[in-house]
Structures are given as structure tokens and as C-alpha cells.
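Scroll down for the structure; my scribbles are underneath it.
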Amino acid sequence: MSSATPPWQPTASIQALHQRAALLADIRRFFAERSVLEAEVPTLSHRATSDPHIDSITALCTGEPVYLATSPEFGLKRLLAAGFGDCYYLGKAFREGEAGGRHNPEFTMLEWYRVGWDDRRLMEEVGELLSQVLGIGNIRSLSYRELFQHHLQLDPHRASDEELQECARREVELSFVPASRDECLDLLMSHRLEPAMGDGITLLHDFPASQAALARVETDETGTPVARRFEAYVAGLELANGYWELTDAQEQQRRFEADHRYRAMQKLHVYPFEERLVAALEAGMPECAGVALGVDRLLMLAGGYQRIEEVIAFPIERA
Amino acid sequence: MASYSTNEFKGGLKVMLDGDPCSIVENEFVKPGKGQAFNRVKLRNLKTGRVWERTFRSGESLEAADVMDRDMEYLYNDGEFYHFMEPETFEQHQASADAVADAAKWLKEQDVCTVTLYNGAPLAVTPPNHVILEITDTDPGLRGDTAQGGTKPATLSTGAVVKVPLFLEIGETVKVDTRTGEYLGRAKDD
């Protein structure tokens with residue numbers, strides 16, 4: 001830990017908290033000007049995410065297990081299906097076991113949805129918000145494939161399993177042998193490509209179909225199925241993750257079930273999935289795009305802070 | 001032996017990696033939002049002093065290394081081994097030249113050093129931060145030159161060579177910082 005102050009004291013400076021308050025006000029103004037409705041949805045829920053790599057924190061409510069929301073996604077999508085239109089959430093989200101220089105298990109998330117938009121159009125709005133808040137004009141947009149080809153001369157969609165594994169083991173000192181394509185890609189992304197991204201705003205799109213999560217899968221101009229998912233990075237820091245949203249209820253049900261099978265196979269906790277989301281999609285959720293953004297990290301970038309505890313008054317060690 | 005999971009890794013923790021005892025220098029949690037979690041760790045190999053970088057899957061664990069630091073008095077060198085004694089128990093340990101390594105040139109009898117024990121045997125020796133040693137060889141002193149900043153090499157009783165001010169003579173004692181090899185001042189005889 002960087003700070004040696006007594007544990008009752010905040011780890012963030014008064015200046016950082018002023019910057020936080022101003023940032024939250026800026027975000028709310030940004031959406032008010034665009035007529036996007038701020039909506040509160042539960043952070044305490046009987047259902048949890050099925051994401052293979054995100055764990056929920058479990059609590060007890062009147063004796064029953066409940067989960068702290070890892071994102072407001074299910075609540076906001078149910079509002080969309082109910083016809084509420086463009087909406088956003090700005091508040092807390094929670095993830096089990098995520099703590100470090102860029103992570104705190106309790107963090108502030110901004111998530112918003114745009115009805116009738118696709119991922120490309122939403123990427124532009126993400127770029128506008130980021131350049132307004134950070135005062136950065138340099139925005140570039142490139143595909144996941146282009147990034148890998150540029151830095152590693154590797155096509156992440158077409159390379160063989162052996163080529164991917166060989167590349168991961170050459171580029172990163174590993175204590176284990178990577179077990180899957182996605183593990184190789186995650187290693188290369190976090191160890192090699194994020195640090196190489198530069199200081200501007202990078203909007204990365206068309207992820208491998210295997211990393212679609214809740215995005216649609218479409219065929220790109222080379223005939224490869226890709227996830228219509230994007231991420232925003234600034235100075236190598238991952239800030240936002242967005243989708244052209246899946247609206248097909250049956251496909252949603254299949255992905256939940258596939259996530260459950262994966263988690264069970266990996267001996268991870270299997271949480272009850274949100275069948276009410278499947279029902280909402282069945283009833284008809286409008287075509288839309290949505291994105292989630294880490295506000296603490298945005299504040300780190302806006303204020304030039306190196307570690308997340310510099311922008312959170314009481315991080316988990318002091319909470 | 002106990003083992004530690006990646007979320008328990010923190011600076012100074014002693015673990016086994018590739019059969020060698022290591023001390024953790026840094027542990028960074030790395031996780032793409034929708035991807036797998038890793039820990040990117042820097043470790044110092046306590047045998048070689050080299051720093052390794054290694055990435056683990058979050059939740060992996062390493063066996064603890066039976067390594068501990070003890071304060072011990074340096075006794076003597078028998079030509080092959082360096083002998084140390086624990087001041088409380090009078091228990092003696094002999095350390096090889098490999099374990100003592102660069103510390104050898106600072107070792108003065110009765111000085112208290114930190115001896116790192118691995119499976120009960122000395123693995124490394126850290127001399128006191130400051131030592132007081134006698135000059136055994138140097139060029140003749142230049143009187144009246146105390147104000148000027150010039151230095152000259154001087155050999156000390158333990159074999160170390162340090163830069164000292166020009167006015168110092170053979171037989172005088174000096175205080176030296178062993179971490180930097182820097183002359184700190186003249187020591188009073190007492």
C-alpha cells in the first residue's frame with residue numbers, strides 16, 4: 001500500500017473528492033442534455049450475473065441469499081422492455097475478489113442504453129463523453145483484429161490454437177500453460193496490447209465471437225463471425241465495455257445455460273440466472289446498444305492518479 | 001508446508017518458485033472486464049538475487065519457503081566458511097562464501113549481521129547498514145587539504161576499498177554505508 005496514514009483516514013485527498021463530485025455532475029448534465037433518463041435499479045437482487053469470469057458477492061436478506069449487483073444491466077434492460085426508452089444508471093456495482101491498483105470490489109459504474117442505436121453509433125457517443133471529460137481530442141477506432149495484427153502480426157480470429165499458445169508463451173512469462181484461445185487472447189491483451197495503446201482514446205470493436213457475452217454476433221466484411229462488442233481504453237486503462245445488445249430471448253437463454261455449464265465445469269459457484277431478463281426479451285426489448293463505464297478509473301485519468309485508492313475515500317482495506 | 005494463494009501475495013512474502021526460495025516484490029491484479037483474472041508478480045530469487053516476472057492465474061498458489069531472517073554476530077572465517085552466532089541461544093551457523101557473497105568485504109568480527117536462513121541453513125548475509133573499519137592501506141595524507149573535496153581510494157581492514165578524503169591516513173578508522181559503499185565520516189576511537 002502506498003499510504004502509511006492511520007487506517008481511519010481516507011486514502012483520497014479532498015481535491016480528489018471535489019473532482020469526483022464535479023465528474024458526477026458533468027456526467028448527469030451530459031445525459032440531461034440528451035434526454036436520457038437516470039434510473040435506479042436494485043443493487044441487491046435475488047438473481048446474479050452468469051458471466052464466466054465475474055463473481056457476485058452474496059449477502060443474506062430475511063434469511064435468503066441475495067447478490068450485490070455486478071452491473072445494473074438486467075434492471076435497465078427490463079425497463080427498456082417495459083418501454084421506458086433511453087436510460088442510464090450512475091451508482092455502485094460490486095465484484096467479488098477484484099482488488100488491486102485498478103480494482104476495488106465496490107466501485108462506481110455508469111451504464112447507459114440507447115434505443116435504436118447500434119454499437120458503432122454508441123461508440124461515437126462514448127468518444128464524445130470521454131473527450132469532454134478528459135479534454136482529449138485524439139480518438140481512434142480500430143478492430144480487435146487490427147490491434148493484434150499491428151502489434152503481434154497475428155489474426156486473433158484465424159490463428160490456429162498452437163499459434164495463439166505459442167505467441168502467449170513467447171510474450172508473457174507464465175506459470176501455467178494457457179488452456180483456451182480466450183485465455184491466450186486475454187493474456188496478450190492485458191500484458192502486451194493494453195500497455196501499447198498510447199495516450200489517446202482507443203475504441204476497440206468486433207471482438208471474437210467467443211467473447212460476445214450479451215452482444216450480438218454478426219459476420220464481418222471478411223466473413224468471420226464477430227461479437228458486436230466494443231471497449232474503450234485511455235492510456236492503456238480499460239474504461240468501458242459496450243454491446244449492440246442481444247434481443248433474442250432463446251439465444252439469451254442458451255448463453256445463460258452455456259455460462260452455467262462453463263462455471264460448473266470450472267468448479268466455480270453457479271448463481272441463479274435472471275430468468276426475468278429472458279421473459280423481458282420474449283415480451284420484446286427494443287433494438288438498442290448499451291455500455292458500462294468505470295467511473296473511478298475515469299476519475300483516475302481525469303485527475304492524473306495512479307492507483308484507484310487515490311480516488312476512493314475508503315477502499316476495501318479501510319471499509 | 002503452508003501455501004499461499006495469489007490474493008495473499010504481498011511484498012516480502014517468501015515462496016518457492018521453480019525450486020528456489022523467492023521473496024515477492026510486487027503483485028499486480030490484472031483482469032480485462034469480461035476476461036480471466038491474472039496476477040502479474042515480480043519475485044526476487046533469494047539464491048541469485050535476480051528479479052523474475054511471472055504471471056499466474058488468480059487463485060493459483062505457491063508453497064511457502066522456509067526462509068527467515070535472524071540477527072547474528074559474525075565470529076570468524078576459517079578459510080572456507082564464515083561462522084555466525086545467535087546472540088540469545090549461542091547457536092552457531094556456518095555460511096559458505098556463496099551465501100556471504102559481497103557481504104564478505106564488510107564483515108568485522110562481533111558485528112551483528114542479518115543472516116537469512118533457508119531450511120535452517122544460511123542462504124544470504126546482509127551486513128549492518130553502517131560499519132566502522134580501520135584503513136590498512138592508502139596513499140600518504142595531504143595535510144592542510146581538509147577543505148578541498150578531493151578523494152583517494154583506501155583499503156579497509158576487511159578488504160573493502162572505499163573513496164575517502166585526501167587527509168585520512170593508515171590506521172585511522174572510518175564509518176561507511178555498506179549499501180552504497182560510501183564514506184560517511186571519521187570514526188572516533190572509543
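Throughout, protein chains are lettered first and strands after them, A, B, ... in sequence-line order, and every chain is numbered starting at 1.
Ranked by heavy-atom pairs under 4.5 Å with chain B, the first of A:Asp51, A:Leu185, A:Leu174 is A:Leu174. Of the listed residues A:Pro178, A:Pro52, A:Ala99, the one with more heavy-atom pairs under 4.5 angstrom with chain B than any other is A:Ala99.
If you check the side chains of A:Asp119 and A:His205, you find no donor sitting under 3.5 Å from an acceptor. Donor-acceptor pairing under 3.5 Å is recorded for the side chains of A:Thr5 and A:Arg318. Using a 3.5 Å distance cut-off with no hydrogens or angles, the side chains of A:Glu111 and A:Tyr113 do pair a donor with an acceptor. Between the side chains of A:Asp182 and A:Gln211, at least one donor-acceptor pair of N or O atoms lies under 3.5 Å. Under the 3.5 Å distance criterion, with hydrogens and angles disregarded, a donor-acceptor pair is assigned to the side chains of A:Ser175 and B:Glu60.
Taking the charged nitrogens against the carboxylate oxygens, A:Arg263 and A:Asp55 do have a contact shorter than 4.0 Å, which makes a salt bridge. A salt bridge does not link B:Lys152 to B:Asp139: none of the charged side-chain nitrogens sits closer than 4.0 Å to a carboxylate oxygen. Ion pair A:Arg216/A:Glu245 not flagged as a salt bridge, since none of the NZ, NE, NH1 or NH2 atoms sits closer than 4.0 Å to an Asp/Glu carboxylate oxygen. Ion pairing between A:Arg254 and A:Asp259 fails under the 4.0 Å rule for side-chain N and carboxylate O.
In this structure, chain A has a heavy atom under 4.5 Å from the side chain of B:Phe38, while its backbone stays farther away. With a 4.5 Å cut-off on non-hydrogen atoms, B:Gln36 touches chain A through its backbone and its side chain both. A:Ala212 does not touch chain B: none of its heavy atoms, backbone or side chain, sits under 4.5 Å away.
Taking the ring-ring contact (aromatic ring centres under 6.0 Å, His included) definition, one finds that A:His157 meets it with nothing, sequence neighbours left out. Evaluation of the salt bridge (Lys or Arg N to Asp or Glu O under 4.0 Å) rule for A:Arg261 yields no partner, not counting sequence neighbours.
For residues 228-241 of chain A, the interface with chain B (any heavy-atom pair closer than 4.5 Å) comprises A:Arg229, A:Glu238, A:Asn241, sorted by residue number. When the heavy atoms of residues 98-134 of chain B are compared with those of chain A, none of the residues falls under 4.5 Å.
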Test side chain to side chain contact (heavy atoms under 4.5 Å, CB included) applied to B:Phe56 and B:Leu62, step by step:
CA-CA 10 Å; B:Phe56 299 84; B:Leu62 287 178; 3.8 Å; yes
